[in-house]
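A quick write-up on the structure given underneath.
Numbering of residues begins at 1 and proceeds along the displayed sequence. Quick note: numbers below take in every heavy atom, side chains included, and nothing from hydrogens, waters or symmetry partners. One-based numbering, in listed order, for ligands and for the atoms of each.
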Amino acid sequence: MGPALAARLEKLGVRSVGDLVLLLPLRYEDRTRVAPLGGLRPGMRVTVEGEILHVEVVRRRRPMLLAALGDTTGSLTLRFFHFTQRQKASLVRGARLRCFGEVRAGPAGPEMVHPEYRLVEPDRPAPPEETLTPIYPGTEGLHPGRLRQLVRQALSALGGNLPDLLPPGTAESLALPPMNEALRAIHRPAAGTDPDTLASHRHPARRRLAMEELLAHQLSLRRLRHRARRARAWALSGGDLVERFLDTLPFALTGAQERVVAEIRSDLAQEAPMMRLVQGDVGSGKTVVGAAAALQAVSAGCQAVVMAPTELLAEQHMSNFSAWLEPLGVEVAWLAGSTRAAARRETLARLASGAAAVAVGTHALFQEGVEFHRLALAIIDEQHRFGVHQRLALTEKGSADDRRPHQLVMTATPIPRTLAMASYADLDASVIDELPPGRGTVRTVVMSDARRAEVVERIRNACGNGRQAYWVCPLVEESEQLEAEAAEKTATLLAEALPGLRVGLVHGRLRPRQKEQVMAAFKAGELDLLVATTVIEVGVDVPRASLMIIENAERMGLAQLHQLRGRVGRGSEDATCLLMYHPPLSETARARLAAMRETSDGFEIARRDLELRGPGEVLGTRQTGLLAMRVADLVRDQGLMPDVRRLADRLLDEDQDAVDALIRRWVGEGDRYGRV
Ligand code: ADP
Ligand code: MG
């Protein structure tokens, strides 16, 4: 195979013969019968055969080749808008052709545009296809027929003999076919099989493949965890910083926070590196839990690092951590992409010497040149925006003296349990499933933007009563600049409509310092209304803000709306969230807005979000590659997970060779994301 073809296949994720047979057809076509030309109707997708009666090249702006095909019942025009000289030479009067394509109504009766075709010898009639014809996902420059041929070759090269890697008896007990049978059913389905049933993910052959794939990923993550856990970490105990910290807090931990703090505490006291995921809804108080963990490291004479995916979120942590830790005599250093050279040098020196015990920042924290004195704990917020790779890179960072840092991953995207089992099999999970007491409730109202004037009135009333409000401007995917300009315009219009109110503006184009000033002013009550782009999603915590307006809410995802709404109702007062949409609403948008109105439970929101848009987007895995599955779909196939976990346990105990082979078959060489 030449490099050009190889490159095209690579786009489909195909790097080996084995990959080819794991490529699933999107659908099937029935080419097992040849249709008589006399019975063709527009819209039919059929195989036909006939003799070329007449060929001509019509000169329009570009030459076009027309061929008339005939059999005893009628005729059909074949139309080619582009063609090679070789094609032209073979499509001659008297040649017999077998074609497949969609019939459409042409100016002179039925025609096919660019049918798939091949020449057949007149005296040796070729039998029609024996099996249904699989249609694989296409890619530019790769002819569907060629791809089909490659898969067929791959199947026969493997001799119908792909080893069954599941423990004996497993497939039967799950009522799934053996691997070879599954592959045959998928790639060479017998004539007469119903193509729709076959293309459905519920088909046993597909479930068999999905099962194996989920298993392979599970094994790969578990092995990764196993390797990482074999490393040594600092056993963190001693000192009284954690107690002193908890004593200074103006509130008591919730039961859920206490439970999670205790889980982390006992993990950190071990020499095996902790690998723990803390899930907790917006506002459930994850930061305090992270701070307690960091202090346990500092108390034991080590360092901790806190990393967030955006500078704004990191700043929020910085202000919390320095407010909490510095009174206890713990130095907190700041490092982000925007940190100036001199300040950066100073920070690097203080981290390397150990003078700064805690570092807060963005991924700038694990770039070249950042050295720690004794890094014992890495806290990563909003995990779903970081890939497994980045997480591992960070862990490697700390491997001084043969010790790895413990890992604490915090996420506000509540991930349903089965999904978490599949995607975070390398982590233990803790859940903060309780909000701090005394929070008001948030009422959610959905309304058309035709009622904008009413909304402005509501702001006037709320702010007149000493409350504060957020106005969130629409997301402009293409350009932060356009988004910022739109927000500026909205702020100006609202300021005109609401004289007497103090209106602030924050968007992604402001410098971090400017953003911080506006946020701080809003927090201090010096502003009544804050117009913002979605940057506040992960932003400030303002207890007096009790009204939020989200413009063009129909364009946002559920998880994002939920995060935004979490910005109000943080005080004791009841709050309102107005979701304004621009009609007409699509089905999905309608379902999303209804979900927002009906529930404020993050886990329920996550469940519906998955239903509405699939897991890749929720977890941001398009970028990370973590869940890039070929056959399986984590949401659809989540019912398989209990069996997958059980099988993984068994294989890891009994059959390392099968584990290796499964990972190689599905995840690829070097575990792809699993390189530690
Ligand atoms: P998130 O889990 O969304 O990161 P935060 O850690 O930002 O939530 O906490 C939200 C707010 O709740 C903060 O103002 C925090 O100080 C406060 N908070 C956290 N825990 C408690 C508690 N047990 N009681 C009262 N308030 C708390
Ligand atoms: Mg948080």
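In terms of protein heavy-atom proximity, atom 12 (O) of ligand 1 is closest to Arg439 NH2, 2.8 Å. Gly285 N, 3.3 Å is the protein heavy atom nearest to atom 8 (O) of ligand 1. With hydrogens left out, the protein atom closest to atom 10 (C) of ligand 1 is Arg570 NH1, 3.4 Å, a heavy atom. The protein heavy-atom contact nearest to atom 20 (N) of ligand 1 is Gln257 NE2, 2.9 Å. In terms of protein heavy-atom proximity, atom 2 (O) of ligand 1 is nearest to Lys286 NZ, 2.7 Å. In terms of protein heavy atoms, atom 16 (O) of ligand 1 is closest to Phe251 CE2, 3.7 Å.
For the residue pair Arg565 and Ser600, no side-chain donor N or O sits within less than 3.5 Å of a side-chain acceptor on the partner. For the residue pair Glu263 and Ser430, a side-chain donor N or O sits within less than 3.5 Å of a side-chain acceptor on the partner. Using modelled atom types, one finds no donor on one side chain facing an acceptor on the other under 3.5 Å when comparing His582 with Asn552. Using modelled atom types and a 3.5 Å distance limit, the side chains of Asp381 and His317 yield a donor-acceptor pair.
Using a 4.0 Å cut-off between heavy atoms, Met410 makes no contact with ligand 1 at all. The part of Asp281 lying near ligand 1 is the backbone, judged by heavy-atom distances below 4.0 Å.
With salt bridges taken as basic N to acidic carboxylate O contacts below 4.0 Å, none links Glu315 and Lys515. Between Glu271 and Arg403 a salt bridge is recorded (basic side-chain N to carboxylate O distance below 4.0 Å).
Closest heavy-atom contact between Ala314 and Thr362: CB-CG2, 4.1 Å.
Close contacts between ligand 1 and Leu253 involve ligand atoms 23 (N) [criterion: under 4.0 Å to a heavy atom]. Within ligand 1, counting atoms from 1 as listed, the ones closer than 4.0 Å to a heavy atom of Thr287 are 4 (O), 5 (P), 6 (O), 7 (O). Counting atoms of ligand 1 from 1 in the listed order, those under 4.0 Å from a heavy atom of Ala252 are 22 (C), 23 (N), 24 (N). Every atom of ligand 1 with a heavy atom of Thr254 under 4.0 Å away is listed here by number and element: 23 (N).
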Before giving the answer on side chain to side chain contact (heavy atoms under 4.5 Å, CB included), spell out for Trp234 and Leu377 the whole-Å C-alpha distance, their side-chain angles and the decisive distance to 0.1 Å. CA-CA 9 Å; Trp234 302 98; Leu377 170 67; over 6 Å; no
Where do Arg244 and Asp247 land on the side chain to side chain contact (heavy atoms under 4.5 Å, CB included) test, with the steps shown first? CA-CA 5 Å; Arg244 281 168 55 203; Asp247 283 346; 5.6 Å; no
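Assignment of Gly438 to the shell around ligand 1 is not supported, since no heavy atom sits closer than 4.0 Å. Note on ligand 1: Asp381 sits outside its first shell, no heavy atom being nearer than 4.0 Å. Residue contacts with ligand 1 include Gly283, since one of its heavy atoms falls under 4.0 Å from the ligand.
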